[in-house]
Undergrad: 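Have a look at the structure that comes next, please.
We name chains A, B, ... by the order of the sequence lines, and we start the count at 1 in each one.
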Protein chains: 2
Amino acid sequence: MTYSIGQVAEKTGLTTYTLRYYDREGLMPFVKRNQAGRREFTDANLDFIDLITCLKDTGMQLAEIRHFVELAMQGDATLETRLNIFKRQQQAVCNQIKQAKQHLAKLDYKVRYYTAACDAGTEAAVSGDCELPGQPIIIDNQLRVKKVKAE
Amino acid sequence: MTYSIGQVAEKTGLTTYTLRYYDREGLMPFVKRNQAGRREFTDANLDFIDLITCLKDTGMQLAEIRHFVELAMQGDATLETRLNIFKRQQQAVCNQIKQAKQHLAKLDYKVRYYTAACDAGTEAAVSGDCELPGQPIIIDNQLRVKKVKAE
DNA sequence: GATTGAGTTAGAGTATACTCTAACTGTTAT
DNA sequence: ATAACAGTTAGAGTATACTCTAACTCAATC
């Protein structure tokens, strides 16, 4: 079972332009052609494209990915180099997740801050340094624009 | 206390080129100039630059960030819009973390796979579809290149 | 007062990753 | 056999985010 470039585009979500671009950039030297010169992708090829996508999405540049592909084409002699590439990328993604969580903490604070400000009707009523996620948000009821309902 | 553009570059890790570029792109309309026309950054400005960096690092484009800055400059009338921007970005980062974790699972599998392959000396000895993280990695000792020490 | 150093601008150049166009070819349906 | 369609290439164009250069200004030091 093989797939045309259009079918692969559908399956992967990449455009045919992008797939041909990747091929030209040396990211897919394993894709065979039929007698008419058209690409015929196998299931193994699709798996490899998924891997390329994984590496790209985790911040690896196309040039580095091409390098990895070249190593993979050379067979067992490059096993250790490839292992190290994955170890490095693994570490990189761990750091990315750590950083993303820090960013998320900041965004969480901003949401709480702006929720309080919306509630009060003005930023002036909301205390504190917007940049300190740990800090409690205090509303100065004197400065409210929208009045609070008495209980 | 104010800081020159060079001091801000040191503090933030951005280059002076980048800081001026951001200013030109309308990301820092709040930065004041001294009588000589030089930028004078306040601590509040530094905090805002940190926020810009947070938004950029979580995938927001400079054009969107400029839009947010414009809203912020308009004051309380845009509080809700700004709240919604942060809510959307919060959700975006959650998804990014989820995706990164999936990528990491794939990379973890690759590391285990290549570790086994390095150990065996050849990929041929390592079983299974490299693309299925759940699958156990089995080594065919018949195909080993480096022999295992007998116990 | 000249030099050094850090700032200013406008605008050109670069890197990366696509994205599209034009001209052409081979396969399939009418 | 002709039209429609999906593929092919080389090469140009675009988007985004910087990155640098040139020419100039201002403040401080020798």
Undergrad: Rounded to the nearest 0.5 Å, what's the gap from CD1 on B:Ile65 to CG on B:Leu51? Could you check?
TA: 8.5 Å

Undergrad: If you define the side chain from C-beta out and look only at heavy atoms, does anything of B:Glu40 sit under 4.5 Å from B:Arg33?
TA: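 B:Glu40 does not reach B:Arg33 side chain to side chain.
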
Undergrad: Looking across every strand, which nucleic acid part, if any, lies under 4.0 Å from A:Gln61 by heavy atom: base, sugar-phosphate, or nothing?
TA: sugar-phosphate

Undergrad: Is A:Arg33 near enough to D:dT9 that one of its side-chain N or O atoms lies under 4.0 angstrom from OP1 or OP2?
TA: yes

Undergrad: Starting at the 5' end of DNA chain D and moving along, which residue's nearest nucleotide shows up first, A:Arg24 or A:Arg38?
TA: A:Arg38

Undergrad: Does OP1 or OP2 of D:dC18 have a side-chain N or O of B:Tyr22 closer than 4.0 Å?
TA: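 It does, given that an N or O in the side chain of B:Tyr22 lies less than 4.0 Å from OP1 or OP2 of D:dC18.
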
Undergrad: Can you check the A:Asn34 CG to D:dA6 C1' distance for me, whole Å?
TA: 12 Å

Undergrad: Taking A:Glu25 first and then A:Arg66, would you say they form a salt bridge - that is, a charged N and a carboxylate O separated by under 4.0 Å?
TA: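 So A:Glu25 pairs with A:Arg66 through a salt bridge.
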
Undergrad: Check the distance between C:dA15's C1' and B:Tyr21's OH and give it to me in whole angstrom.
TA: 13 Å

Undergrad: Please state whether the phosphate of D:dT9, meaning OP1 or OP2, lies under 4.0 angstrom from any side-chain nitrogen or oxygen of A:Arg39.
TA: yes

Undergrad: Reckon B:Arg20 touches a base, only the sugar-phosphate, or nothing at all at heavy-atom distances under 4.0 Å?
TA: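 Touches a base.
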
Undergrad: Regarding A:Ser4, tell me which of base, sugar-phosphate or nothing describes its non-hydrogen contacts under 4.0 Å with the strands shown.
TA: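 Sugar-phosphate contact only.
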
Undergrad: Applying a 4.0 Å non-hydrogen cut-off, can you work out what A:Gln35 is touching in the nucleic acid: base, sugar-phosphate, or nothing?
TA: sugar-phosphate

Undergrad: B:Phe68 vs A:Tyr114 aromatic rings, parallel, tilted or perpendicular, using cut-offs 30° and 60°?
TA: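 Perpendicular: the ring planes of B:Phe68 and A:Tyr114 meet at over 60°.
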
